[in-house]
Enquirer: 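Here it is, the structure in full.
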Amino acid sequence: MSSEASGSKPKLTSKEEFCFLTELAFKHSTGEHTFVAMQDTHGGTTRFANNQIVQNVNSRRVSLSVSVAFGRRHGTASTTDLTAGSVQNTLRRAEQIARVAPPDPEYLAPIPRQEYPALATSRADTEVAGPARRLAEARTVIELCQAERLTAAGIVSSSLATVGLAADTGLLAYEERTAARFSITTIAEDSTAWAAAAHRAIDQLGVRERTRVAIKKAKQSANPKELPPGRYTVILEPASVGGLMSRIIWALDAKSYYKQTSPFRGKLGHRIMDSRLTLRNRPEHPALLGCGFNGEGLPATEMAWIESGVLQQLDYDRYTAQEHHVSPTPALDAPYLDGAGRGGLATDRVEELIEGTERGILVTNFWYIRSVNPTDLTLTGMTRDGTFLIEDGQIKTAVRNFRFHESPLRALNNLEAFTIPREAVAEESGKMLVPALKIRDFNFSSVTRF
């Protein structure tokens, strides 16, 4: 009987089974160090377009990799077969690769045993969700859009995974992780709108509510007017803020900082954005997707990366951390941007930001964000999914999409107001909690024709 029919979660590789396989690899390894990583995922995606279900798949995907090192020579091989014989064959292939590989000057032995936080990375509702649940959610979306004479396209996905890491240094990490995601694009005659969500719990995706938001914006976006490019006061909804923040997070790399190629060079310990903003990693937050450990087995840690606008922390890989005599940093996989710094006073709703704006542009989302000048983090990209003119505290009309040329570091020093943190799921970045932001003098360099 399938897990969908029985209402029970699928049977994936248990911690005991993973430990058996890792001990087998360690026992037969001839290397100086051996590292094993495993991910066993059961889940799938339901896709819909043109108000029809176009795909409803469910599968199990298994991968186990073995890395072996002889001094600074190391090699990795992987398999999808978790039998004892396959694991030993994979070990042999990794050893063969390591023996002929050139020495890696940045190789470090696996870390020793660690203590890991007990995070709620798995939710029961997602564990048992299968094709029937995802299909029902997709049909709900289609029905809501058809009732408004709109066309729907998007996805509903869910998965349960077991993830394990082990090394002959005593390292052992194992965790169950669920993930669910929803995305909807509503299409009208001359407009589109969009909404998305990601969560550990499929029950928390808010499929109906987000579909209604996308429907409302698609209707509001009809008959867009063309405005001239220039500098405008903008209200960036959380998804667009997330798109900009993801580029800041990627630029926190310590290696580029010390090579003098980072936009933050010389700014560690200095203010880089409005003093009311603080960026933290919040792996324990129930609405974020933090994990108990990263790919090397470093434990998740709550920490401030930018505090009251001041750059406090760089992203150190283990080699760069050793070079500079600091601790390596775990992944910043649960970003939380808050306006709780000095003098922070947030509103509850985007509507309050709109009501306090004499003239400006409301931006739902950005897409195709690319680097223009990495030395100061100038980016380009386009608005999408609902761009509106605000006049006298009200949405006046939809407008054609703009292309922007702007650095988020400049923009976040022109902050006027903000909301409390909200969920942000952008197509080109992961999930984070960020406020909607009201920013002055945001540079729109040109107008698109759609």
Side-chain angles (χ1 to χ4, degrees), residues 10-43 59-116 121 159-177 179 253 255 291-300 315-323 327-331 333:
K11 186 182 185 303
L12 302 179
T13 306
S14 67
K15 185 175 183 179
E16 292 73 21
E17 291 168 328
F18 176 65
C19 288
F20 170 78
L21 296 174
T22 59
E23 289 302 322
L24 183 68
F26 299 155
K27 178 181 177 181
H28 291 90
S29 177
T30 61
E32 183 179 332
H33 287 295
T34 305
F35 179 84
V36 180
M38 181 273 301
Q39 181 157 332
D40 188 354
T41 304
H42 184 277
S59 63
R60 182 181 178 187
R61 303 176 301 280
V62 183
S63 176
L64 182 140
S65 66
V66 181
S67 299
V68 177
F70 299 95
R72 290 189 177 273
R73 300 176 185 271
H74 59 96
T76 301
S78 61
T79 181
T80 59
D81 182 353
L82 299 189
T83 61
S86 175
V87 171
Q88 292 184 68
N89 288 336
T90 304
L91 171 67
R92 297 281 85 83
R93 287 191 289 120
E95 290 175 334
Q96 291 169 3
I97 294 169
R99 287 192 175 97
V100 298
D104 180 354
E106 295 190 6
Y107 173 77
L108 295 175
I111 62 176
R113 186 177 184 86
Q114 306 285 307
E115 295 296 325
Y116 297 106
T121 54
S159 65
L160 167 66
T162 56
V163 181
L165 303 175
D168 55 8
T169 55
L171 174 71
L172 177 62
Y174 180 91
E175 194 168 61
E176 286 192 357
R177 299 171 184 171
D253 171 54
K255 192 177 295 256
C291 300
F293 51 88
N294 70 1
E296 292 186 294
L298 291 170
D315 185 10
Y316 286 91
D317 61 74
R318 291 176 58 221
Y319 179 80
T320 307
Q322 179 178 274
E323 273 191 315
S327 298
T329 46
D333 58 0

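Scope of the values below: all heavy atoms of this structure, side chains included, with no hydrogens, waters or symmetry mates.
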Enquirer: Tell me, please, which residues at least two apart from Leu21 pass side chain to side chain contact (heavy atoms under 4.5 Å, CB included).
Expert: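 Leu21 satisfies side chain to side chain contact (heavy atoms under 4.5 Å, CB included) with Leu64, Leu82, Val87 only.
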Enquirer: Which atom names give the shortest non-hydrogen contact between Gly170 and Arg113, and what distance separates them?
Expert: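 Between these two residues, the closest heavy atoms are O-CB, 3.4 Å.
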Enquirer: Output every pair passing salt bridge (charged side-chain N to carboxylate O under 4.0 Å, His left out) with a member in residues 92-110, not counting sequence neighbours, ordered by first then second residue.
Expert: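 Every salt bridge (charged side-chain N to carboxylate O under 4.0 Å, His left out) pair that includes a residue of residues 92-110, provided the two are not neighbours, is Arg92-Glu95, Glu106-Lys255.
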Enquirer: Got a donor-acceptor contact below 3.5 angstrom from the Thr90 side chain to the Ala77 backbone?
Expert: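 Side chain of Thr90 to backbone of Ala77, a donor-acceptor pair under 3.5 Å: no, none is there.
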Enquirer: Looking at residues at least two apart in the chain, or sitting in another chain, which of them share a side-chain hydrogen bond (donor to acceptor under 3.5 Å, both in side chains) with Thr162?
Expert: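 With neighbours one apart ignored, the set is empty.
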Enquirer: What is the distance from atom CG of Leu24 to atom SG of Cys19, rounded to the nearest 0.5 Å?
Expert: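 Taking CG in Leu24 and SG in Cys19, the distance rounds to 12.5 Å.
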Enquirer: Just to verify, what does Arg60 make a side chain to side chain contact (heavy atoms under 4.5 Å, CB included) with, not counting sequence neighbours?
Expert: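 Expected list: Leu12, Thr13, Asp40, His42, Val62.
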Enquirer: Please list all pairs meeting salt bridge (charged side-chain N to carboxylate O under 4.0 Å, His left out) that have one or both residues in residues 62-79, counting only residues at least two apart or in different chains.
Expert: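 Checked against salt bridge (charged side-chain N to carboxylate O under 4.0 Å, His left out) - neighbours excluded - no pair reaches residues 62-79.
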Enquirer: Quick one: are Val68 and Leu91 in side-chain contact, heavy atoms under 4.5 Å?
Expert: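 A side-chain contact under 4.5 Å exists here.
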Enquirer: Would you say that Ile111 contacts Arg318 through its side chain, given a criterion of any heavy-atom pair below 4.5 Å between the two side chains?
Expert: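 SC-SC contact between Ile111 and Arg318 confirmed.
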Enquirer: Within the supplied structure, the quantity of interest is the number of heavy atoms (other residues, nucleotides, ligands) at a distance under 6.0 Å from Arg61 CZ; does it exceed 12?
Expert: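 For Arg61, atom CZ is crowded (more than 12 foreign heavy atoms under 6.0 Å).
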Enquirer: Rounded to the nearest 0.5 Å, how far does CG of Asp315 lie from OG1 of Thr320?
Expert: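 Interatomic distance, Thr320 OG1 to Asp315 CG, rounded to 0.5 Å: 9.0 Å.
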Enquirer: Please give me the minimum heavy-atom distance between Ser29 and Gly31, naming the atom from each residue.
Expert: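 For Ser29 versus Gly31, the nearest heavy atoms are OG-N, 3.1 Å.
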Enquirer: Output all residues satisfying side chain to side chain contact (heavy atoms under 4.5 Å, CB included) with Ala167, sequence neighbours left out; order by chain, then residue number.
Expert: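 Scan of Ala167 (side chain to side chain contact (heavy atoms under 4.5 Å, CB included), adjacent residues dropped) gives Phe35, Pro110, Thr169, Leu171.
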Enquirer: Could you tell me whether Lys11 and Glu17 make a salt bridge, using a distance below 4.0 angstrom between a side-chain N and a carboxylate O?
Expert: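 The answer is yes: the pair qualifies as a salt bridge.
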Enquirer: Indicate yes or no: at least one non-hydrogen side-chain atom of Val36 is less than 4.5 angstrom from one of Ser65.
Expert: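 Not touching, per the 4.5 Å side-chain cut-off.
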Enquirer: Strictly by ring-ring contact (aromatic ring centres under 6.0 Å, His included), give each pair with a member in residues 85-114 just once, sequence neighbours left out.
Expert: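 As it turns out, the ring-ring contact (aromatic ring centres under 6.0 Å, His included) pairs with a partner in residues 85-114, which skip direct neighbours, are His74-Tyr107.
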Enquirer: Please identify each residue that fulfils side chain to side chain contact (heavy atoms under 4.5 Å, CB included) with Thr83, with sequence neighbours left out.
Expert: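 By the side chain to side chain contact (heavy atoms under 4.5 Å, CB included) rule, Thr83 matches Asp81, Ser86.
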Enquirer: Nearest 0.5 Å please: distance from the NE2 atom of His33 over to the CZ atom of Phe26.
Expert: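 Spacing of NE2 (His33) from CZ (Phe26) equals 11.5 Å.
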Enquirer: Name all residues meeting the side-chain hydrogen bond (donor to acceptor under 3.5 Å, both in side chains) criterion together with Asn294; count only those two or more places apart in sequence or in a different chain, and write none if there are none.
Expert: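 None.
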Enquirer: If we only count heavy atoms from C-beta on, is the Asp317 to Pro328 side-chain gap below 4.5 Å?
Expert: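 Result no, sub-4.5 Å side-chain heavy-atom pair not found.
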Enquirer: Taking only residues two or more places apart in sequence or in another chain, which ones pass side-chain hydrogen bond (donor to acceptor under 3.5 Å, both in side chains) with Arg177?
Expert: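 Expected list: Glu175.
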Enquirer: Report yes if some heavy atom in the side chain of Phe70 is under 4.5 Å from a heavy atom in the side chain of Glu32; otherwise report no.
Expert: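 Not in contact.
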Enquirer: Nearest 0.5 Å please: distance from the OG atom of Ser14 over to the OH atom of Tyr174.
Expert: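 Going from the OG atom of Ser14 to the OH atom of Tyr174 covers 5.5 Å.
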Enquirer: Nearest heavy-atom pair of Ala98 and Gly75: which atoms, and what distance?
Expert: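 Distance-wise, the nearest heavy atoms are CB-N, 3.4 Å.
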Enquirer: Are any of the side-chain heavy atoms of Phe293 and Leu165 separated by less than 4.5 Å?
Expert: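 The answer is yes; the side chains approach within 4.5 Å.
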Enquirer: Within the 4.5 Å heavy-atom criterion, are Asp333 and Cys291 side-chain neighbours or not?
Expert: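 Touching, per the 4.5 Å side-chain cut-off.
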Enquirer: So, using side-chain hydrogen bond (donor to acceptor under 3.5 Å, both in side chains) as the criterion, who are the partners of Thr121 when residues are at least two apart?
Expert: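 Per chain and number, Thr121 pairs via side-chain hydrogen bond (donor to acceptor under 3.5 Å, both in side chains) with no residue.
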Enquirer: For Tyr319, check ring pair (Phe, Tyr, Trp, His ring centres under 6.0 Å) against everything at least two apart and list the hits.
Expert: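 Checked Tyr319 against ring pair (Phe, Tyr, Trp, His ring centres under 6.0 Å); zero matches.
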